[in-house]
Amino acid sequence: MFDSKIALIVREDLAIWQRLNVTAFLASGIAYAAPEIRGEPYIDAKGQRYGCMAGQPMLVFAADLAGLQAAHCKGLARELTLIPYVQAMFSTGHDEANRQAFQAEDPDNLNLVGLAIRDPKKAVDKAIKGLAMHS
């Protein structure tokens, strides 16, 4: 049904609130990176209008740090759309501080806690090969 695939990968050793936080931020990153996935507004039986959500599923996977780093490397090699979230971003309070925290990371050894990937299905499947759905 969709030519593209969206995968959100969340590190499995995080506290539940951190997993949810990372998932929300990664999903928002995909929404900005791919505005064409936006669905239509929701309208209830009384005609009340509500906001839009993505019209395409986002699949959530679990991984350890090594699994996240492997998916990141494969995604970079395939030039896929990547949205990263690193451990240091938990201690910041706003977007500019998040970007500074990310830029301070060693690009060859990112302390990833989450990664979103979106692009053609086959390319995303290769980047996430071996990862299990989050449970």
Side-chain angles (χ1 to χ4, degrees):
M1 182 172 195
F2 298 99
D3 293 336
S4 63
K5 184 171 190 172
I6 300 170
L8 309 178
I9 310 165
V10 180
R11 207 159 87 192
E12 59 197 5
D13 63 346
L14 300 177
I16 292 173
W17 75 266
Q18 291 174 315
R19 292 179 200 186
L20 295 171
N21 181 268
V22 169
T23 302
F25 274 102
L26 294 177
S28 72
I30 289 293
Y32 279 99
E36 67 275 10
I37 69 166
R38 187 178 90 181
E40 296 297 321
Y42 285 74
I43 302 170
D44 69 19
K46 290 183 178 180
Q48 175 64 47
R49 238 176 126 83
Y50 295 86
C52 307
M53 289 190 274
Q56 178 177 354
M58 296 187 196
L59 303 174
V60 183
F61 295 84
D64 59 10
L65 177 58
L68 276 160
Q69 289 175 333
H72 176 254
C73 287
K74 292 173 190 174
L76 285 176
R78 289 176 171 76
E79 298 181 349
L80 303 180
T81 300
L82 302 175
I83 291 94
Y85 197 110
V86 295
Q87 180 77 36
M89 291 164 71
F90 284 129
S91 64
T92 66
H94 55 87
D95 188 49
E96 178 60 31
N98 282 347
R99 286 194 305 279
Q100 289 173 5
F102 181 74
Q103 191 171 37
E105 291 276 323
D106 174 358
D108 295 323
N109 191 30
L110 293 174
N111 190 8
L112 291 164
V113 294
L115 183 69
I117 307 173
R118 180 194 182 261
D119 266 311
K121 279 183 187 180
K122 288 183 181 183
V124 173
D125 284 341
K126 288 179 183 177
I128 63 170
K129 186 175 179 154
L131 298 182
M133 294 287 288
H134 205 292
S135 58

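Count residues from 1 along the sequence. As a basis for the values below, the full set of heavy atoms in this structure was taken, side chains included, without hydrogen atoms, waters or symmetry mates.
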For a 4.5 angstrom cut-off between non-hydrogen side-chain atoms, does Met133 reach Phe61? yes
Any side-chain heavy-atom pair from Asn111 and Glu105 closer than 4.5 angstrom? yes
Are there over 12 heavy-atom neighbours, none belonging to Gln48, within less than 6.0 Å of that residue's CD? yes
Do Gln103 and Gln100 make a side-chain contact, defined as non-hydrogen atoms from C-beta onward lying under 4.5 Å apart? no
Sequence-distant partners of Lys74, side chain to side chain donor-acceptor pair (under 3.5 Å), two or more places apart: none
In the single-linkage hydrophobic clustering (I, L, V, M, F, W, Y; side-chain heavy atoms under 4.5 Å), do Leu76 and Val86 co-cluster? yes
Shortest non-hydrogen contact from Ala101 toward Thr92: CB-CG2, 4.1 Å
Taking every heavy atom of Ala127 against every heavy atom of Ile117, the minimum-distance pair comes out as CB-CD1, 4.1 Å
From CG (Asn21) to CE (Met89), nearest 0.5 Å: 9.0 Å
What are the two closest heavy atoms between Val124 and Ala7, and how far apart are they? CG1-CB, 4.0 Å
Test ring-ring contact (aromatic ring centres under 6.0 Å, His included) applied to Phe90 - qualifying residues, sequence neighbours left out: Trp17, Tyr85
Could you check if a side-chain atom of Leu112 sits within less than 4.5 angstrom of a side-chain atom of His72, using non-hydrogen atoms only? yes
Ala31 backbone acceptor or donor facing Arg38 side chain under 3.5 Å: no
For Ile16, I'd like to know if atom CD1 has over 12 heavy atoms of other residues, nucleotides or ligands within 6.0 Å. no
For a 4.5 angstrom cut-off between non-hydrogen side-chain atoms, does Met58 reach Leu26? no
Cluster link Tyr42 to Ile37, ILVMFWY, side chain under 4.5 Å: no
Flag the pair Ser4 / Pro120 as yes when at least one side-chain heavy-atom distance between them is below 4.5 Å, and no otherwise. no
With a 3.5 Å distance limit and no angle check, can you tell me whether Arg118 reaches the backbone of Ile6 through a side-chain donor-acceptor pair? no
Find out if a path of hydrophobic residues (ILVMFWY) with successive side-chain heavy-atom gaps under 4.5 Å connects Phe25 to Met53. no
Could you walk me through whether Thr23 and His134 pass side chain to side chain contact (heavy atoms under 4.5 Å, CB included), step by step? CA-CA 11 Å; Thr23 302; His134 205 292; over 6 Å; no
Neighbour count above 12 (heavy atom, 6.0 Å) for Glu36 CD: yes
Could you state the interatomic distance from CD1 (Ile128) to NZ (Lys5), rounded to the nearest 0.5 Å? 4.0 Å
Testing the basics here: between Leu14 and Arg19, what is the closest heavy-atom pair and its distance to 0.1 Å? O-NE, 2.9 Å
Can you confirm whether Phe102 sits close enough to Leu110 that some side-chain heavy atom of one is under 4.5 Å from a side-chain heavy atom of the other? yes
Tell me whether the count of non-hydrogen atoms from other residues, nucleotides or ligands lying under 6.0 Å of CG in Asp3 goes above 12. no
Cluster question for you: counting only ILVMFWY and a side-chain heavy-atom cut-off of under 4.5 Å, with indirect links fine, are Leu80 and Leu59 together? yes
In terms of hydrophobic clusters joined by side-chain contacts under 4.5 Å, are Leu20 and Ile9 together? no
Flag if over 12 foreign heavy atoms under 6.0 Å of CD, Glu96: yes
Close side-chain approach of Leu82 and Leu115, heavy atoms under 4.5 Å: yes
Taking every non-hydrogen atom, the tightest pair across Leu8 and Ala116: CD2-CB, 3.5 Å
